[in-house]
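The next block holds one structure in the form of structure tokens; read it before the comments.
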Amino acid sequence: MSLRIYNVLTRQKEAFVPVAPGKVNIYVCGPTVYDYSHIGHAKTYVSFDVVVRYLRFAGNDVLYVQNITDVGHMLDTGEDRILKKARQASALPMQVVETYARAYFADMDALGVRRPDISPRASGHIPEQIAMIEKLLADGHAYVVDGSVYFDVASFPEYGKLSGRVIEDLEEGARVVVREEKRHPADFALWKRAEPEHILRWPSPWGEGFPGWHIECSAMAAKYLGETFDIHGGGIDNIFPHNECEIAQSEAAHGAPFARYWMLTGSLTLEGVKMSKSLGNTLTIKDALARWRPEAIRAFILSSHYSSPVDFSDEAIEAAYKGWQRIWGAVNLTRDQMRRAAPFEASAAVTDMLTAARAQFIERMDDDFNTPAALAVLQDVTRQVNTLLNEGGPQTLATLETIDAFYRDLGGEVLGIVPERAESAADAAREDGLVRLLIDLRAEARAKKDWGTGDTIRNRLKELGVVLEDRADGTTWKLG
RNA sequence: GGCGACGUAGCCAAGUGGUAAGGCAGGGGUCUGCAAAACCCCCAUCACCGGUUCAAAUCCGGUCGUCGCCUCCA
């Protein structure tokens, strides 16, 4: 029983064997920071967040690198995305980069996405990129034309092996090329000469210029993870040309395999239509978080396989949220009862049930990170926990702690959808004390059949977002 | 036009040869002062056609449909 991953490179599910046992090096293509991140970015990065969380949970020492693209990513027009935004905002390019890079991290933090170990920026690795280009030139894989350097696709026969493209077909289907200085339409820029108005520029052996989009990932992945590393991830929409070019550059330069496993996430559509900057139908993470809590968004994303395309709709995320609430309710019920449980040993039946469920969860995650199936295990357990806690009589503290540990590990540590009780323990204690006071007063009123007072307290608390639930063994509360 | 993916209940979504997980919604119950929550029961033969097989949602062929990439995109 071990991890299997669908490798896009081979189009097969394969046993995952890292280069070094117990050590996993992973690189994921990060965002180009020229605008706010949208819900599509959330899908990709939440997916890889869970991949990394699970790899660590399984005992691996993971080094996770995800770049920040802050230069070199061009628009159709040949204009740099960052520069365009800077011009529109009357700001310096690096101000734009800083603004959106911070926003990106803030969004990811809010979604519970753990930060990569290293977030290297393209602009901070110009020397590494130049060195790699020089190596490619020296080995005959690239050529210089008037201050720009292009990768010679013909020199790398395996070009197309990831995306299934054939160079001959590319030639036929190639659109009008912006710069006709390339030898072959599929050749791509490693370095571009900077026109006078292009202010993002660096000196290089070929004159003032800036790096092409693809070279940053190759250079930075090699620097931090080595020439050959374990997993390369990203969105499927970058499979061509970006990922393909990364492989060509890296393998041509190093003469060694690049990433051994390629994991690409399916795209996200919004109400049936693909989100794109050009169409303007984007939902930013910021806006999404204003409507749904982060766990709901994560639950929605994890309710389909990472490689599947998914459609984001109010109905779909609402369903995911409701499903999540059921799990969360059981977690709270467990933690609530822990406060007054007797410290006897754990129930063998419950422990056995959870042990079996945990094994099943792992089995499903081991199968190419099948989060929808793993989520189903949590739901199954939740039904049993609810039955136990509602009808099984008082449980021992040890039993409750075992249940809590199950949710904490699998729902919290791995999937990131089961949060800790509260932000601040002191605040939480005070809040709980205040609500308990009201619950006690209400109980006194209800004991005298004063339903009016009882309902008033409940309604007023509801307005404040505190929902009371009367149970046989007392009243519990939760945040609505 | 080329390459690729997909088509499972009202919705979302697992399942790749042995007779359809899970969630949401809906219907019926239990519990309850009411409410909420929870629990129980009900709710699909897997786009269509043909083939292989003792046996197919799962394999093969075809048809129809949807989507992605080929051009900026996670």
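Reminder, nothing fancy here: chain letters follow the sequence lines and each chain counts from 1.
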Go ahead and name the base partner of [N]; Watson-Crick or wobble counts if both distances stay under 3.5 Å, otherwise write none.
{"N": "B:G17", "result": "none"}
{"N": "B:A38", "result": "B:U30"}
{"N": "B:A5", "result": "B:U66"}
{"N": "B:A44", "result": "none"}
{"N": "B:U71", "result": "none"}
{"N": "B:C59", "result": "B:G51"}

In whole angstrom, what separates [X]'s [atom1] from [N]'s [atom2]?
{"X": "A:L268", "N": "B:G68", "atom1": "CG", "atom2": "P", "answer": "12 Å"}
{"X": "A:K43", "N": "B:A13", "atom1": "NZ", "atom2": "P", "answer": "10 Å"}
{"X": "A:L333", "N": "B:A36", "atom1": "CG", "atom2": "C1'", "answer": "13 Å"}
{"X": "A:I301", "N": "B:C12", "atom1": "CD1", "atom2": "C1'", "answer": "14 Å"}
{"X": "A:L162", "N": "B:A5", "atom1": "CG", "atom2": "C1'", "answer": "15 Å"}
{"X": "A:D336", "N": "B:A38", "atom1": "CG", "atom2": "P", "answer": "15 Å"}
{"X": "A:N459", "N": "B:G33", "atom1": "CG", "atom2": "P", "answer": "18 Å"}
{"X": "A:E391", "N": "B:U32", "atom1": "CD", "atom2": "P", "answer": "12 Å"}

### Task
Have a look at A:N390 and say if it touches a base, only the backbone sugar-phosphate, or nothing, with a 4.0 Å heavy-atom cut-off.
sugar-phosphate

### Task
May I ask you to say what A:G454 touches in the nucleic acid, namely base, sugar-phosphate or nothing, with a heavy-atom cut-off under 4.0 Å?
nothing

### Query
Between A:S267 and A:D237, is there a donor-acceptor pair closer than 3.5 Å when you use the side chain of the first and the backbone of the second?
no

#### Entry: Check: A:K161 main-chain N/O paired with A:E244 side-chain donor or acceptor under 3.5 Å
yes

Same-atom distance ([atom1]) from [N] to [M], integer angstrom:
{"N": "B:C12", "M": "B:U63", "atom1": "C1'", "value": "28 Å"}
{"N": "B:U52", "M": "B:C69", "atom1": "P", "value": "40 Å"}
{"N": "B:C42", "M": "B:G50", "atom1": "P", "value": "33 Å"}
{"N": "B:A9", "M": "B:A57", "atom1": "P", "value": "14 Å"}
{"N": "B:G22", "M": "B:G29", "atom1": "P", "value": "23 Å"}
{"N": "B:C46", "M": "B:U58", "atom1": "C1'", "value": "10 Å"}
{"N": "B:U8", "M": "B:U19", "atom1": "C1'", "value": "15 Å"}
{"N": "B:G10", "M": "B:C43", "atom1": "P", "value": "14 Å"}

Pick out the pairs of N or O atoms, protein on one side and nucleotides 29-31 of chain B on the other, that lie under 3.5 Å.
none

### Message
When you measure from the centre of the six-membered ring of A:F240, is the NZ or CZ of A:R165 closer than 6.0 Å and no more than 45° off the axis?
### Response
yes

Given [options], which nucleotide is nearest the side-chain atoms of [X]?
{"X": "A:H305", "options": "B:A14, B:G33, B:A37", "value": "B:A14"}
{"X": "A:C29", "options": "B:A37, B:A74, B:A13", "value": "B:A74"}
{"X": "A:D470", "options": "B:C3, B:C34, B:A38", "value": "B:C34"}
{"X": "A:E315", "options": "B:G4, B:C11, B:A74", "value": "B:C11"}
{"X": "A:R11", "options": "B:A36, B:A14, B:G4", "value": "B:G4"}

With the threshold set at 4.0 Å, does a side-chain nitrogen-carboxylate oxygen contact exist between [X] and [Y]?
{"X": "A:R114", "Y": "A:D109", "answer": "no"}
{"X": "A:R446", "Y": "A:E444", "answer": "no"}
{"X": "A:D473", "Y": "A:R471", "answer": "yes"}
{"X": "A:D352", "Y": "A:R358", "answer": "no"}

Donor on one side chain, acceptor on other, [X] and [Y], under 3.5 Å:
{"X": "A:T456", "Y": "A:N459", "value": "no"}
{"X": "A:D287", "Y": "A:T284", "value": "yes"}
{"X": "A:T10", "Y": "A:Y261", "value": "no"}
{"X": "A:T402", "Y": "A:D404", "value": "no"}

### Message
If you assign each of A:I239 and A:S267 to its closest nucleotide in RNA chain B, which residue comes earlier from the 5' end?
### Response
A:I239

### Query
Which sits closer to the 5' end of RNA chain B, A:R446 or A:G266, going by the nucleotide each is nearest to?
A:R446

### Query
If you take all heavy atoms of A:A259 and A:H232, which pair is closest and at what distance?
CB-CB, 3.4 Å

### Query
With the sugar-phosphate defined as primed atoms, P, OP1 and OP2, and the base as all remaining atoms, what B/S/- string results for nucleotides 16-23 of chain B, 5' to 3', for protein heavy atoms under 4.0 Å?
-----BSS

### Query
Hey, what's the ring geometry for A:W262 with A:F258, parallel, tilted or perpendicular (30° and 60° as the breaks)?
tilted

### Phosphate-side-chain proximity, A:N386 and B:C39, N/O vs OP1/OP2 below 4.0 Å
yes

### Message
Looking at B:A14, I'd like to know if its phosphate oxygens (OP1 or OP2) sit under 4.0 Å from a side-chain N or O belonging to A:S308.
### Response
yes

### Query
Would you call A:Y45 stacked on B:A74, i.e. ring centres under 5.5 Å apart with the planes less than 30° off parallel?
no

### Query
Quick one: the side chain of A:D455 and the base of B:G33, do they pair up donor-acceptor inside 3.5 Å?
yes

